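What you see is a predicted model, and the numbers here were worked out from it, not measured in a lab.
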Amino acid sequence: TSSRITVDPRTISVQIDQATTQVIPIEIEETASEDSTREVNDISTDVSQVTISGPSSAVDRVESVLLPVTIDTQVGTFSQYYTPYAVDENGQRVSEVSVLPGQILTRVELQSRGELVTVIADIQGQPADGYSIQQRTVIPSTILVEGPEDALDDLLFVNTEPVDISGASQSVSSRVSLTGLPEDVTVVEPLSGQVEVR
């Protein structure tokens, strides 16, 4: 027996492109956590440039090589390997090229911002007859503030705005601002500048 095999299409086109390499400096792309209690002092890498290689048409599209440095829960100074990648002028990844070295050792210096200060609830009034205050809680119990060093040195605690519990016969929860902060001192965390008093 015989069989006939057909192939469609009968011809295909193959594009050949010259392979090329190029040396390009790296750009650090910093992604910090939403934690405002830390700030980045410095980021340094063990290499300042990388070699990209691949088809010349793809290499020509490369506008820059980014090194994504992510700040998560780290504190102080830490070193970690990050993976660089190439992008075109629109910020789109150019996947046809390879980047060497593929992992870059990066040193990140973090510094804590400001100073932690205790919050004291200003409770005013008396609850209803037969009731007493069992517990008072401030959430958060400490806040992060920043300002001139001499002002922070003298700042041991900060009060909340008055919370009136006159005649209360059940638990009270109020969201209030802070009082008594020196003029040049600002609240970093919480961002709202308010705390909850229960």
Find out whether [X] and [Y] are in side-chain contact, i.e. whether some heavy atom of one side chain is under 4.5 Å from a heavy atom of the other.
X: I104; Y: I26; result: yes
X: D184; Y: P182; result: no
X: V195; Y: I139; result: no
X: T142; Y: V117; result: no
X: S79; Y: L105; result: yes
X: T77; Y: R107; result: yes
X: P127; Y: S169; result: no
X: I143; Y: V145; result: yes

If we count only N and O atoms by modelled type, under 3.5 Å, do the side chains of [X] and [Y] hold a donor and an acceptor together?
X: Q22; Y: T51; value: no
X: T31; Y: E29; value: no
X: Q103; Y: T83; value: yes

Minimum heavy-atom separation for [X] and [Y], please, with both atom names.
X: P101; Y: V50; value: CD-CG1, 3.9 Å
X: A121; Y: V197; value: CB-CG1, 3.9 Å
X: V97; Y: A86; value: CG2-CB, 3.7 Å
X: P68; Y: L66; value: CD-O, 3.6 Å
X: P84; Y: L67; value: N-CD1, 3.8 Å
X: E161; Y: T179; value: CG-CG2, 3.7 Å

Any chance you could measure [X], atom [atom1], to [Y], atom [atom2], to the nearest 0.5 Å?
X: E109; Y: D42; atom1: CD; atom2: CG; answer: 5.0 Å
X: S64; Y: E27; atom1: OG; atom2: CD; answer: 4.5 Å
X: S173; Y: R198; atom1: OG; atom2: CZ; answer: 5.5 Å
X: T160; Y: R175; atom1: OG1; atom2: CZ; answer: 12.5 Å
X: S177; Y: N159; atom1: OG; atom2: CG; answer: 13.0 Å

Quiz item: Would T186 and E146 satisfy side chain to side chain contact (heavy atoms under 4.5 Å, CB included), going step by step from the backbone distance to the final call?
Solution: CA-CA 6 Å; T186 57; E146 64 180 3; 3.9 Å; yes
Treat each ILVMFWY residue as a node, draw an edge where side-chain heavy atoms are under 4.5 Å apart, and state whether [X] and [Y] are in one component.
X: V69; Y: L110; answer: yes
X: I123; Y: V119; answer: yes
X: V99; Y: I24; answer: yes
X: L155; Y: I120; answer: no
X: L181; Y: V176; answer: yes

Backbone N/O of [Y] and side chain of [X]: donor-acceptor pair under 3.5 Å:
X: S174; Y: V163; result: no
X: T45; Y: V47; result: yes
X: Y82; Y: T70; result: yes
X: N90; Y: Q92; result: no

What I want to find out is whether R61 reaches E89 closely enough, with some N-O distance under 4.0 Å, to be called a salt bridge.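 E89 and R61: not salt-bridged.
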List the steps, then state whether side chain to side chain contact (heavy atoms under 4.5 Å, CB included) holds for I165 with Q124. CA-CA 6 Å; I165 62 166; Q124 298 188 358; over 6 Å; no
Taking atom [atom1] as the centre, does [X] end up with more than 12 heavy-atom neighbours from other residues, nucleotides or ligands that are less than 6.0 angstrom away?
X: E183; atom1: CD; value: no
X: F78; atom1: CZ; value: yes
X: D129; atom1: CG; value: no

Any chance you could lay out the side chain to side chain contact (heavy atoms under 4.5 Å, CB included) test for I71 and V40, step after step, and finish with the verdict? CA-CA 9 Å; I71 312 299; V40 177; 4.2 Å; yes
* To do: Determine, stepwise, if the pair V187 / L178 fulfils side chain to side chain contact (heavy atoms under 4.5 Å, CB included).
  => CA-CA 9 Å; V187 178; L178 306 165; 4.0 Å; yes
